[in-house]
Amino acid sequence: MPESTLIDRFAPSPTGLLHIGGARTALYNWLLARGSGGKMILRIEDTDRERSTKENVDFILEALEWLEIDYDEGPISQAAADPRHRAAIEELKASGHAYEFEGATRLKVPDEGETIVHDAIRGDVTFQHENIDDFTIARSDGSPLYNLAVAIDDLDAGVTHVIRGEDHLSNTPRQVMILKALGHEPPIYAHLPLLHGPDGKKLSKRHGAASVQELRDAGYIPAAVRNYLALLGWGYDDKQTIFTTEELQKLFTIERVSKSAAVFDEKKLQWMNGLYLREMPVEELTALIESFTGRTGLGPAVALCQEKISTLADFWPMAAFFFDGPIDDEKARTKFLDEEGKIRLAAARDALADLENFDSASIETALRGVCESLELKPNKVFQPIRVAISGTTISPGIFESLELLGKEDSLNRIEQALNKP
RNA sequence: GGCCCGAUCGUCUAAUGGUUAGGACGUCGGCUUUUCAAGCCGAAAACCGGGGUUCGACUCCCCGUCGGGCUACCA
């Protein structure tokens, strides 16, 4: 055990689905804790009872579980510490640091002097007291407010590193003042740059897949999402882009977190996810896709599609024809199953019908023979077959697809295509 | 409005006073080729502007511009 163990926390307020920005904050806290032998606490900031529904809390837990981000303590309800918060407020009042005004309790901020926030990412940030009004720490009904609660909770939990979004930076001097009024030293702060949408505005639902759940439903996998998110606001060197989780835990440092806001780029996530999918053992990918689609027996089709998909969701549209019959793409049929196409298709049918072994190698030999005897380029023959069995112009390799379909099914589909007007 | 933070290819980033400003996604071109992808090769593409400091600035300082955040009896 290190002499002083790092303790950090992820403290979301349950306002709905966990956004990508929140997920990244959780990830950075997690990487730091796991990489340093420290621990991470999950605390739900639910002092605003109106917004803090059980459903919203579940959204957060569900998202973290899917991301495979675990924590050593929690989920802790901030509201549960209410008595402790009230006691701190009383203490502040008793010591003359706080006073009541119009029912609410406010912290007295001196007119002179300054509070410096030592930020691990931005350096020292100085706030002049003259610019900070006395601020409310408890409502008129006595219930504690965020700035008070967060400072107390981090203090009590022994949090050494407060890593959160930059939107909290301006409130940090208030929390530091509370801590100091109580006679304590503030923790180390690190304020992460915010995430923006492609339009430069703060990331929101309007920007497409903005929540972890949406990412999951779009067919991305946790490892790829973690890798991508890690790079959104952090960089290791000038060459490495793909990191295992173990590498991330080992290499991640707050010092290398960038200062400026980043734009979430789904195209890059897509590419990275595809990379992960392609390098996965086919059995593993099959399991993921079967659970994603709710279908079984997908193995052979997954093997054929693995190199072509970049999300789990890409699989079904590409492979459905194996199971549910050819889809109906009018354009493809008129283009490739015209009179000439049918003549070639018929020739292919004859060659295939003669095959005893309906494996891809035999199929390839037979079909290439057809091309030769007809003196046609391969795709002149293959495309009509493709359209006949899949219904579209896009499919996995034609020989493998025929093999997977089997002789009977393949010939039936070809026959049907031939008979269509 | 006030306060705070930020600014390198379209996007994510590397560079920590001396580089032809590097990599990745995307884009474009080529190869491969049975379609589509993938893969491989190649190209275009950036230091916000102005002043300083320095022999020398993407790197340091100041001003401006732009962007963002905070300024609640929300978190």
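In this text the structure is predicted, and so the values were computed from the model without any measurement. Residue numbers begin at 1 in each chain, while the letters A, B, ... track the order of the sequences.
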Proximity to the side chain of [X] - top-ranked nucleotide from [options]:
X: A:N131; options: B:rG2, B:rG39, B:rU34; value: B:rG2
X: A:I398; options: B:rU34, B:rC12, B:rC5; value: B:rU34
X: A:D167; options: B:rG6, B:rU34, B:rG69; value: B:rG69
X: A:E307; options: B:rC36, B:rG6, B:rA37; value: B:rA37
X: A:F127; options: B:rU35, B:rG67, B:rC3; value: B:rC3
X: A:K259; options: B:rG6, B:rC25, B:rA14; value: B:rG6
X: A:E45; options: B:rA75, B:rU34, B:rA15; value: B:rA75
X: A:K268; options: B:rC4, B:rA24, B:rU34; value: B:rA24
X: A:R278; options: B:rG68, B:rG39, B:rC25; value: B:rG39
X: A:R386; options: B:rU35, B:rC12, B:rG39; value: B:rU35

Distance, [atom1] atom - from [M] to [N], rounded to whole angstrom:
N: B:rU11; M: B:rC70; atom1: C1'; result: 27 Å
N: B:rG42; M: B:rU59; atom1: C1'; result: 31 Å
N: B:rU27; M: B:rU20; atom1: C1'; result: 23 Å
N: B:rA46; M: B:rC40; atom1: C1'; result: 27 Å
N: B:rG18; M: B:rC12; atom1: C1'; result: 27 Å
N: B:rU13; M: B:rG26; atom1: C1'; result: 14 Å
N: B:rC4; M: B:rC62; atom1: P; result: 13 Å
N: B:rA38; M: B:rA24; atom1: P; result: 15 Å

Indicate, yes or no, whether a donor-acceptor pair under 3.5 Å links the base of [N] to the side chain of [X].
X: A:K308; N: B:rC36; value: yes
X: A:S140; N: B:rC73; value: yes
X: A:T241; N: B:rG23; value: no

Does [N] have a Watson-Crick or wobble mate here (both distances under 3.5 Å), and if so which one?
N: B:rU33; result: none
N: B:rA38; result: none
N: B:rG1; result: B:rU71
N: B:rU20; result: none
N: B:rA43; result: B:rU27
N: B:rA57; result: none
N: B:rU65; result: B:rA7

Given side chains that start at C-beta, do those of [X] and [Y] come closer than 4.5 Å, heavy atoms only?
X: A:R43; Y: A:F10; result: no
X: A:Q128; Y: A:P173; result: no
X: A:L182; Y: A:L92; result: yes

Mind checking [X] for me? I need base, sugar-phosphate or nothing, with any heavy atom below 4.0 Å counting as a touch.
X: A:N171; answer: base
X: A:T126; answer: sugar-phosphate
X: A:S395; answer: base
X: A:L145; answer: sugar-phosphate
X: A:H168; answer: base
X: A:R43; answer: nothing
X: A:T105; answer: nothing
X: A:Q383; answer: sugar-phosphate
X: A:E102; answer: base
X: A:Y228; answer: nothing
X: A:G233; answer: sugar-phosphate
X: A:R122; answer: sugar-phosphate
X: A:P12; answer: nothing

* Asked: Salt bridge check: are A:D409 and A:R413 linked by an N-O gap of less than 4.0 Å?
  -> yes

Counting only side-chain N and O atoms of [X], is one of them less than 4.0 Å from OP1 or OP2 of [N]?
X: A:T136; N: B:rC73; value: yes
X: A:R139; N: B:rA72; value: no
X: A:T47; N: B:rA75; value: yes
X: A:R164; N: B:rC70; value: no
X: A:R174; N: B:rA75; value: no

Interatomic distance where [atom1] belongs to [X] and [atom2] belongs to [N] [whole Å]:
X: A:D134; N: B:rC73; atom1: CG; atom2: P; value: 12 Å
X: A:L169; N: B:rG68; atom1: CG; atom2: P; value: 17 Å
X: A:E114; N: B:rG2; atom1: CD; atom2: C1'; value: 18 Å

* Structure fact -> Walking RNA chain B from its 5' end, the first of A:A11 and A:Q128 to be reached, judged by nearest nucleotide, is A:Q128

* Asked: When the nearest nucleotide of RNA chain B is assigned to A:V263 and to A:F399 on a heavy-atom basis, which residue is associated with the more 5' position?
  -> A:V263

* **Residues A:S143 and A:R139: side-chain donor-acceptor under 3.5 angstrom** => yes

* Between the side chains of A:D153 and A:H85, does any donor sit under 3.5 Å from an acceptor? -> yes

* When you measure from the centre of the six-membered ring of A:F135, is the NZ or CZ of A:R174 under 6.0 Å away and within 45° of the axis? ->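 Yes.
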
* Asked: So, is the end of the A:R216 side chain (NZ or CZ) under 6.0 Å from the ring centre of A:Y220 and within 45° of the ring's axis?
  ->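 No.
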
* Minimum heavy-atom separation for A:S410 to A:F358, with atom names? ->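 Residues A:S410 and A:F358, closest heavy atoms: OG-CE2, 3.7 Å.
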
* Structure fact -> Here the pair of heavy atoms bringing A:R122 nearest to A:L192 is NH2-C, 3.7 Å

